[in-house]
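Please read the structure below before turning to the comments.
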Amino acid sequence: MGHSVYLDHASTTYTKPEVLKEMLPYFTDLYGNPSSVHRYGREARKALDQARERTAAALNADPNEIYFTGSGTEADNWAVKGTALANSKKGNHIITSSIEHHAVLYTCKYLERNGFEVTYLPVDEYGLVDPEQVRNAITDKTILVSVMAANNEIGTIQPIGEIGAIAREKGILFHTDAVQAVGSIPIDVKEMNIDLLSLSAHKFYGPKGAGALYMRKGVKSEQIMHGGAQERNRRAGTENLPAIVGLGKAIELAVTDIPQRNARLEALRNRLIDGILSTVENTRLNGHPIKRLAGNVNFSFEFIEGEALLLSLDIKGIAGSSGSACTSGSLDPSHVLLAIGLSHEIAHGSLRLTLGDRNTEEDIDYVLEVLPEVVQRLREMSPLFNQNKGGRTYV
Ligand SMILES: *Cc1c(COP(=O)(O)O)cnc(C)c1O
């Protein structure tokens, strides 16, 4: 068998065997509905409660501040729409960043079409939001600040503690999309003054289809799913119990030994970054050199198309992702790469490789063997490269 190197952990992770093991009985034997009064229901309720306790413990929240959802996307939608609707008498202004995940960004666009005003804060060349710009953007109409904890494309880690402190001082709600951050950076919702936080199990070795919204006690929010009385009357729909059990187990594992796991991932990541930057010219590393997720690498290779690069790597058994959005049916490059100042052309030649806990040094060495060759071959076919041969070099 040929090589098979998965470097797309920011898209999704496998489910850990010990997580799956805890989930399985809830498909076959313990299949009760947590809302039922009989023994089956009570057993299911117990498991739901335990998952809620584990999730709360991972964030330093109270169990009754955790609401399970069907995804990180749903948690983001609920956080932003729910608080906007519930607080619209107070004001109609929302502050967010220009590099949020589409789950927040497109929710804000939707609200703009419905009478809300949104400030999209710029970021610097590394993708950092300046907390002082958050402070300066606040008006007497501002009801919510939503800034992600860590970016899914370039891995930049935001100063959410500082932003949270400013929002709290001004009496404005603070939401953070922590879908990429949970399990990678320590999060304490009390210490960081976070009012709402989104997470998703399949980004930290749990199953797909289970997310959660942390909502601090006392936060005013409308529900967006109407129907039954699940989740203490705030999110209707029978709970996806096997997946929620998996979320609970996965988050418990994810917040244990973060420094040790990060040290291992950072060593692999730096080997990859140094190896590529020293052998492939006309290449830049996107994102912050230090304030970045331990497993995130994002390069731009001048003169080539990210999509062509991805396909060539796939043939060699390497799974990555690119910043150009052909996959989503559009030719626009990533809004994140444009926001950090890349030209359309450079943004199109980008590649994201995100490492996870099964990756080894051998995986990285294989990428270091294959990637420079592939880039070289694609460049040789590129008219742009031939015009510029021997031209600019930048990092
Ligand atoms: C993956 C991701 C989401 C969406 O989560 P899903 O559970 O896949 O819907 C939201 N925000 C960020 C930062 C993500 O990386």
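Order of appearance sets the numbers: ligands from 1, and atoms from 1 within every ligand.
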*Examine the side chains of D29 and Y40 and answer whether a donor and an acceptor come within less than 3.5 Å of each other.*
no

_Over 60° means perpendicular and under 30° means parallel, so tell me whether Y6 and H9 are parallel, tilted or perpendicular._
perpendicular

*Between N286 and S300, is any side-chain donor less than 3.5 angstrom from a side-chain acceptor?*
yes

*asked:* For a 4.5 angstrom cut-off between non-hydrogen side-chain atoms, does L247 reach H202?
replied: no

*Residues in the immediate environment of ligand 1 (any heavy atom closer than 4.0 angstrom)*: S71, G72, T73, D76, H101, M148, N152, D177, V179, Q180, S200, H202, K203

*So Y67 and W78, would you call those rings parallel, tilted or perpendicular, with 30° and 60° as cut-offs?*
perpendicular

_Passing option when L277 is tested against V280, T279, I273 for side-chain contact (heavy atoms from CB on, under 4.5 Å)_ = I273

